[in-house]
Peer 1: 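I'd like to ask you about the structure that follows.
Values below: all heavy atoms of this structure, side chains included; hydrogens, waters and symmetry mates excluded. Residue numbers begin at 1 in each chain, while the letters A, B, ... track the order of the sequences.
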Amino acid sequence: MSARHTATRKRDGALTEHRHDLLRTMLTIRRFEEACAELYSATKIRGFLHLYVGEEAVATGVIAALGPDDAVVSTYREHGHALARGVSMDAVMAEMFGRQTGCSRGRGGSMHLFDRSHGLFGGNAIVAGGMPLAVGLALADRMQDRDRVTACFFGDGAAAEGEFHESLNLASLWHLPVLFCCENNLYAMGTAIAKEHARTNLAERAATYGLEAAAVDGMDVLAVEDAARSAVDAIRAGGGPQFLELDTYRFRAHSMYDSDRYRDRAEIAAWKKRDPIDALVAVLRADGDLTEKAMTELEADIAEQIARAVTAAEAAPLEPVEDLTRFVYSREAGS
Amino acid sequence: MSARHTATRKRDGALTEHRHDLLRTMLTIRRFEEACAELYSATKIRGFLHLYVGEEAVATGVIAALGPDDAVVSTYREHGHALARGVSMDAVMAEMFGRQTGCSRGRGGSMHLFDRSHGLFGGNAIVAGGMPLAVGLALADRMQDRDRVTACFFGDGAAAEGEFHESLNLASLWHLPVLFCCENNLYAMGTAIAKEHARTNLAERAATYGLEAAAVDGMDVLAVEDAARSAVDAIRAGGGPQFLELDTYRFRAHSMYDSDRYRDRAEIAAWKKRDPIDALVAVLRADGDLTEKAMTELEADIAEQIARAVTAAEAAPLEPVEDLTRFVYSREAGS
Amino acid sequence: MTDTLETTYREALREAIRDAMRADDRVFLMGEDVGDYGGCFAVSLGLLEEFGPDRIRDTPLSESAFVGAGIGAAIAGMRPIVEVMTVNFSLLALDQIMNNAASLLHMSGGQFNVPLVIRMTTGAGRQLAAQHSHSLEGWYAHIPGLRVLTPATLEDARGMLATALGDPDPVLIFEHGSLYAMKGTLAADAGAVDIDHAAIRRPGTDVSLITYGGSLGKTLEAAVLLDQDGVSAEVLDLRTLRPLDDEAIMDSVRRTHHAVVVDEGWRTGSISAEISARIMEQALYDLDAPVERVCTAEVPLPYAKHLEAAALPQPAGIAAAAHRTLG
Amino acid sequence: MTDTLETTYREALREAIRDAMRADDRVFLMGEDVGDYGGCFAVSLGLLEEFGPDRIRDTPLSESAFVGAGIGAAIAGMRPIVEVMTVNFSLLALDQIMNNAASLLHMSGGQFNVPLVIRMTTGAGRQLAAQHSHSLEGWYAHIPGLRVLTPATLEDARGMLATALGDPDPVLIFEHGSLYAMKGTLAADAGAVDIDHAAIRRPGTDVSLITYGGSLGKTLEAAVLLDQDGVSAEVLDLRTLRPLDDEAIMDSVRRTHHAVVVDEGWRTGSISAEISARIMEQALYDLDAPVERVCTAEVPLPYAKHLEAAALPQPAGIAAAAHRTLG
Ligand SMILES: Cc1ncc(C[n+]2csc(CCOP(=O)(O)OP(=O)(O)O)c2C)c(N)n1
Ligand SMILES: Cc1ncc(C[n+]2csc(CCOP(=O)(O)OP(=O)(O)O)c2C)c(N)n1
Ligand SMILES: [Mg+2]
Ligand SMILES: [Mg+2]
């Protein structure tokens with residue numbers, strides 16, 4: 001409903017521009033990760049690499065609804081959240097390359113992107129491990145009368161962990177400003193949601209903790225943004241935590257190590273027909289808001305940005321080995 | 001309803017006898033624990049001592065519905081479960097005294113009563129720590145086509161732990177023969193249930209995992225037994241796990257260390273009016289099934305049994321110190 | 001000299017919390033039963049009345065979530081004191097402590113430090129049996145990014161918290177359950193203490209008895225027994241298990257040439273092994289005999305009084321170990 | 001001699017599981033992604049097809065519950081092999097492992113033994129960063145009631161599981177992530193192996209290099225470097241971290257009079273400290289120099305290749321430590 005609301009809102013320059021921003025963000029994430037996949041095969045990027053391809057509308061839509069001072073807690077599949085949040089692509093790429101100019105100075109890699117200036121609190125690679133952290137950020141905000149909202153992203157698999165239960169209960173019990181964003185891509189690695197949960201309706205499960213909870217089409221960035229916007233507004237108005245189940249799908253394997261034996265090809269193909277980028281392009285085209293030319297320029301622009309980021313990362317310095325034990329303690333304590 | 005069912009069932013000798021057994025069990029638990037409290041003050045019993053006084057109808061009613069081969073997993077507040085299960089009082093008392101003749105050879109104490117021959121799998125003092133264990137017992141039964149049912153007791157506070165969530169989901173997902181018995185006495189130590197749970201309706205919470213769940217008056221042993229019996233029958237018939245929220249109250253403090261500063265005296269008094277033993281006595285009296293004489297004899301009988309248990313415990317040998325490291329490994333391995 | 005007051009370890013901890021909360025509104029106490037109940041060991045008794053339920057915050061039984069919430073709150077500008085009832089239950093929060101609290105600063109390339117204090121009770125000796133008697137502070141001392149404190153005296157109970165709260169990184173404070181009732185006198189103006197150095201609690205010349213926390217008392221008793229046998233034992237209280245004060249340890253060993261480490265942890269893989277290894281690495285040629293270790297027997301602690309007593313380090317056993325090193 | 005076959009560490013583990021499941025229907029494999037996915041490191045690839053979803057059982061992301069369920073199932077007559085993807089995530093199940101698996105037999109006065117096998121991946125070296133690179137097997141070796149195995153060879157990958165399944169008590173098997181792809185030949189009839197003794201992987205006379213698991217390869221490389229410098233290094237593979245084979249350790253040290261312990265755990269409070277302490281306690285007078293330890297730098301492991309490499313034990317560093325002991 002709220003999605004239709006935006007889609008049909010009297011179109012004006014601002015709206016057009018905003019939709020173009022959403023498109024740019026999603027396309028940037030897509031192309032960036034396609035480049036990362038190649039760089040991984042070229043062994044420029046190592047460790048675990050989890051791609052977000054197909055899920056771009058979730059991070060893009062939710063984060064578009066956040067204010068500049070809001071907080072984001074994410075997982076190991078967080079390139080999209082970092083870029084949508086405005087973390088410099090150069091810094092993200094450099095991080096993947098393990099360089100000193102990376103957003104975590106090369107210490108985090110793909111799974112641990114951090115950027116204080118953009119309110120990105122990681123990049124947590126323990127499934128559900130970021131949830132209590134998000135509750136704590138919100139607790140501090142509440143105790144300090146800040147009106148910040150914390151968006152906490154996690155997957156359908158994470159919802160089986162004890163920390164999911166404990167965190168939702170705590171946030172609801174203490175009425176904390178957290179927007180729980182469950183990226184339900186139907187699989188936890190190779191395990192289908194029906195093998196993860198006795199009841200697979202996660203929004204329904206969340207509602208039993210006393211939070212407002214809704215399921216949203218995670219392939220429709222406008223629907224995601226609208227749902228997130230009303231949730232964020234309600235939370236900021238003091239309404240307590242809310243939960244969004246964002247129904248989506250990853251077009252690629254779980255990680256670069258995964259041969260994807262467990263998913264039916266037809267299922268993948270069906271979901272690819274719902275590509276969130278194609279969907280937005282279609283809306284814009286229908287409204288006559290996107291020309292071929294604009295699209296070509298956008299692609300070129302992004303391609304160039306990525307090329308620059310790669311070149312910069314290649315050229316960037318490595319953290320000196322002498323600094324290995326730096327940042328274990330704030331002061332240079334020993335052990 | 002099912003309670004009325006029993007209460008109004010055409011009374012015959014068997015029923016009378018059965019209700020007398022329930023009374024004997026509850027009264028035995030009550031008098032046994034009153035003795036334990038004195039023995040604690042007399043420093044004969046040490047460590048933590050958690051009394052079940054006021055909650056006797058729960059263990060008595062549920063366990064009355066179990067078969068001889070069924071399994072019981074309990075907490076640190078498990079004297080009632082052990083006695084209701086038929087574990088010898090001498091062995092339980094000796095355990096409290098830390099003697100070799102104790103049901104755990106003096107190694108467990110009040111919080112860790114075990115008895116394989118009676119299917120008592122402890123006595124677990126990590127809140128919610130017994131829940132995964134119960135799921136595992138049921139998993140093994142299912143894989144080995146045994147029709148055993150496992151009754152898993154835990155408190156309202158335990159329901160806030162991650163293991164509660166994980167265990168209910170797993171049991172429901174795998175359709176395992178577990179009867180989850182939540183002893184809701186409204187407090188987790190000094191924390192009232194409203195400070196433990198955003199939503200305090202625990203049966204409702206449990207139902208969202210896809211189990212049959214019901215709340216039962218835990219002060220009415222007949223209601224508890226009937227609810228447990230239908231649940232156990234359904235589980236044994238292959239219906240999967242079920243959940244009973246047993247609404248009850250502890251008449252005493254959390255443990256012997258607790259000065260009970262957090263409960264309103266009026267609240268305690270109100271609940272004491274609903275003493276499960278008085279309630280059953282009233283039913284029996286109304287039905288003309290319990291004479292003064294019978295009651296006096298029962299009390300005397302129990303008092304004598306307890307006196308014998310204490311004397312035996314006092315006289316029982318201690319485990320030799322040389323056996324300290326025995327039972328760390330089944331074979332006498334070193335480290 | 002300043003005037004003194006009679007107090008207990010428990011009261012000293014409470015006064016330290018009270019001071020910190022009065023001095024800085026970013027400080028709050030959070031944990032199971034810290035409020036209405038008054039703290040499972042009565043440390044926070046009365047604080048709810050003074051500071052209210054927001055700052056003396058009762059939590060559900062959700063160790064992982066409320067410890068993690070403490071981490072998040074610390075990052076976001078608060079100065080939480082999280083109380084985990086006992087180290088036994090802290091296993092449920094260990095993932096948060098290791099993978100978040102201890103790692104965030106480094107993983108983020110220095111962006112997110114975690115000024116969090118976690119207090120927990122540790123140790124055995126009260127017949128609480130296998131699931132309530134662990135001494136796992138040695139494990140926590142294994143984790144880079146943490147500081148581990150073990151107050152064994154009234155001064156340290158009173159003074160370590162303030163210093164810990166001033167630390168930009170996570171600090172764990174282990175309170176041995178047998179110490180809460182310890183009575184003694186404390187300077188009326190007692191306050192923050194240094195947390196970087198070990199302390200000699202009894203000077204001696206023949207053997208160094210190295211210990212911490214709940215074992216300090218037993219070790220001092222052992223020193224008295226040794227004195228009766230004509231052996232002058234020095235008792236070193238480590239105070240901080242991470243980082244260890246190697247200098248103080250080696251300095252004592254270089255003077256006495258004999259060392260016994262007393263640790264309530266299970267022997268294998270305990271912090272006593274680390275201390276013994278460091279002594280060999282840094283002072284082998286000053287030793288006249290192998291370093292002895294007096295630890296807890298490697299058994300889940302039994303309930304029965306005589307068995308528990310036999311499992312734990314005791315003064316006679318400590319003294320015997322010292323005699324062995326002296327040959 | 002028996003004929004041999006080309007295989008890998010991964011395949012050897014898989015064959016061991018297959019054998020065990022064929023031999024005993026009480027045996028089943030349970031863990032995250034062991035079935036449809038084929039195992040996060042492909043160890044169980046193909047087993048679902050042979051044994052079906054009941055015995056190759058995918059679990060939800062609920063480490064505490066499915067490890068606890070393994071404990072319960074073991075008590076109730078099954079012989080579960082529980083796979084925890086990596087030791088990093090095992091922290092979420094540590095309460096179940098310590099307070100139930102390791103303690104039930106003793107707490108129950110001998111009534112409930114737990115014949116459970118838990119397998120997990122450990123170690124660093126693949127740029128997986130701070131939350132995926134822990135080496136905590138030394139911690140598990142601290143827990144009374146457990147047995148801790150660290151197969152470092154194809155023979156042990158193939159043979160330790162069967163022996164572990166025959167043990168009446170809980171056994172933990174740590175597979176180093178860098179070993180899965182290790183190739184080699186194995187006797188066609190390779191089967192159960194002893195799990196009570198350490199093994200000399202390379203005999204030598206000048207220095208004992210004591211190690212286990214993922215560090216064995218690096219240590220053997222160091223021995224080659226040392227050989228080029230004219231130093232004859234003996235390489236001892238501990239194989240089992242609990243109980244430690246003191247006899248084998250002391251026997252080697254008594255012959256070489258010099259020892260270096262190589263351990264991928266963080267140095268402070270690592271199993272290497274325990275080994276060093278035991279050598280001092282049992283063989284001090286046979287030592288010509290302090291025991292050296294080569295461990296992982298005390299830092300949450302960084303992602304960048306050069307930083308991670310600098311943090312971990314490496315052949316050159318091991319050889320240098322050996323030279324230091326030889327003066
Ligand atoms: C506690 C924990 N257990 C297991 C893993 C290994 N692992 C990493 S991602 C993943 C699947 C998570 O699925 P989901 O939460 O749905 O997120 P998605 O990857 O689908 O985005 C698993 C099992 C982990 N990182 N942490
Ligand atoms: C994991 C864990 N946390 C804390 C404790 C300390 N503790 C023991 S009982 C208890 C309260 C449990 O309340 P509930 O589950 O309602 O059971 P009840 O005691 O009311 O029967 C607490 C906090 C514990 N034993 N284990
Ligand atoms: Mg998923
Ligand atoms: Mg309760």
Peer 1: Below 4.0 angstrom, N of the basic side chain to O of the carboxylate: do C/Arg79 and C/Asp24 qualify?
Peer 2: no
Peer 1: Using only non-hydrogen atoms and a strict under-4.5 angstrom cutoff, which residues of residues 140-148 of chain A touch chain C?
Peer 2: A/Ala140, A/Met143, A/Gln144, A/Arg146, A/Arg148
Peer 1: Which one, A/Val135, A/Asn169, A/Leu139, leads in non-hydrogen pairs under 4.5 Å with chain C?
Peer 2: A/Leu139
Peer 1: Is the closest side-chain donor-acceptor distance between A/Asn124 and A/Thr75 under 3.5 Å?
Peer 2: no
Peer 1: Is any NZ, NE, NH1 or NH2 atom of the basic residue among C/Asp196 and C/Arg239 found under 4.0 Å from an Asp or Glu carboxylate oxygen of the other?
Peer 2: no
Peer 1: Just one of A/Leu137, A/Thr150, A/Val72 clears the side-chain contact (heavy atoms from CB on, under 4.5 Å) bar with A/Phe121, so which one?
Peer 2: A/Leu137
Peer 1: Checking side-chain polar atoms at under 3.5 Å, does C/Thr86 have a donor or acceptor matched by the opposite partner on C/Asn88?
Peer 2: yes
Peer 1: Identify which part of C/Thr59 has an atom lying under 4.5 Å from any heavy atom of chain A, answering side chain, backbone, both or neither.
Peer 2: both
Peer 1: Under a 4.0 Å N-O cut-off, is there an ion pair linking A/Arg99 with A/Glu95?
Peer 2: no
Peer 1: Under the salt bridge (charged side-chain N to carboxylate O under 4.0 Å, His left out) test, which residues partner A/Glu319, sequence neighbours left out?
Peer 2: A/Arg105, A/Arg107
Peer 1: Could you tell me which portion of A/Ile126 (side chain, backbone, both or neither) has an atom closer than 4.5 angstrom to a non-hydrogen atom of chain C?
Peer 2: side chain
Peer 1: Please look at C/Asp167 and chain A and tell me whether the side chain, the backbone, both or neither of the residue comes under 4.5 angstrom of a heavy atom of that chain.
Peer 2: both
Peer 1: Applying side-chain contact (heavy atoms from CB on, under 4.5 Å) between C/Val67 and each of C/Ile97, C/Asn100, C/Asp95, C/Leu92, report the one that passes.
Peer 2: C/Ile97
Peer 1: Sort by residue number and list every member of residues 153-167 of chain A having a non-hydrogen atom under 4.5 Å from chain C.
Peer 2: A/Glu163, A/Glu166, A/Ser167
Peer 1: Could you check which of C/Pro80, C/Ser103, C/Ala73 has the highest count of heavy-atom pairs closer than 4.5 Å to chain A?
Peer 2: C/Ala73
Peer 1: Under 3.5 Å, which donor-acceptor pairs link side chains of residues 173-181 of chain A to any protein atom two or more places apart or in another chain?
Peer 2:
{"unit_1": "A/His175", "atom_1": "NE2", "unit_2": "A/Gly238", "atom_2": "O", "d": "2.8"}
{"unit_1": "A/His175", "atom_1": "NE2", "unit_2": "A/Gly240", "atom_2": "N", "d": "3.4"}

Peer 1: Name the option with the most non-hydrogen atom pairs under 4.5 Å to chain A; the candidates are C/Gly77, C/Ala74, C/Ala102.
Peer 2: C/Gly77
Peer 1: Any donor-acceptor pair under 3.5 Å linking the side-chain atoms of A/His254 with those of A/Arg77?
Peer 2: yes
Peer 1: Can a salt bridge be assigned to the pair C/Asp246 and C/Arg278 using a cut-off of 4.0 Å between side-chain N and carboxylate O?
Peer 2: yes
Peer 1: Between the side chains of A/His79 and A/Ser110, does any donor sit under 3.5 Å from an acceptor?
Peer 2: yes
Peer 1: Less than 4.5 Å to any heavy atom of chain C: does that hold for the side chain of A/Leu324, its backbone, both, or neither?
Peer 2: backbone
Peer 1: Which atoms of C/Leu241 come close to chain A, meaning under 4.5 Å heavy atom to heavy atom: side chain ones, backbone ones, both, or neither?
Peer 2: neither
Peer 1: Around atom CD of C/Glu50, are there more than 12 heavy atoms of other residues, nucleotides or ligands at under 6.0 Å?
Peer 2: yes
Peer 1: Roughly how far, to the nearest 0.5 Å, is the CZ atom of C/Phe51 from the CZ atom of C/Phe28?
Peer 2: 14.0 Å
Peer 1: Quick check on C/Gln111 against chain A: is it the side chain, the backbone, both or neither that has a heavy atom closer than 4.5 Å?
Peer 2: both
Peer 1: Against chain A, work out which of C/Gly109, C/Gly110, C/Pro144 has the most heavy-atom pairs shorter than 4.5 Å and name it.
Peer 2: C/Gly109
Peer 1: Heavy-atom distances under 4.5 Å only: say whether A/Asp323 touches chain C with side chain, backbone, both or neither.
Peer 2: neither
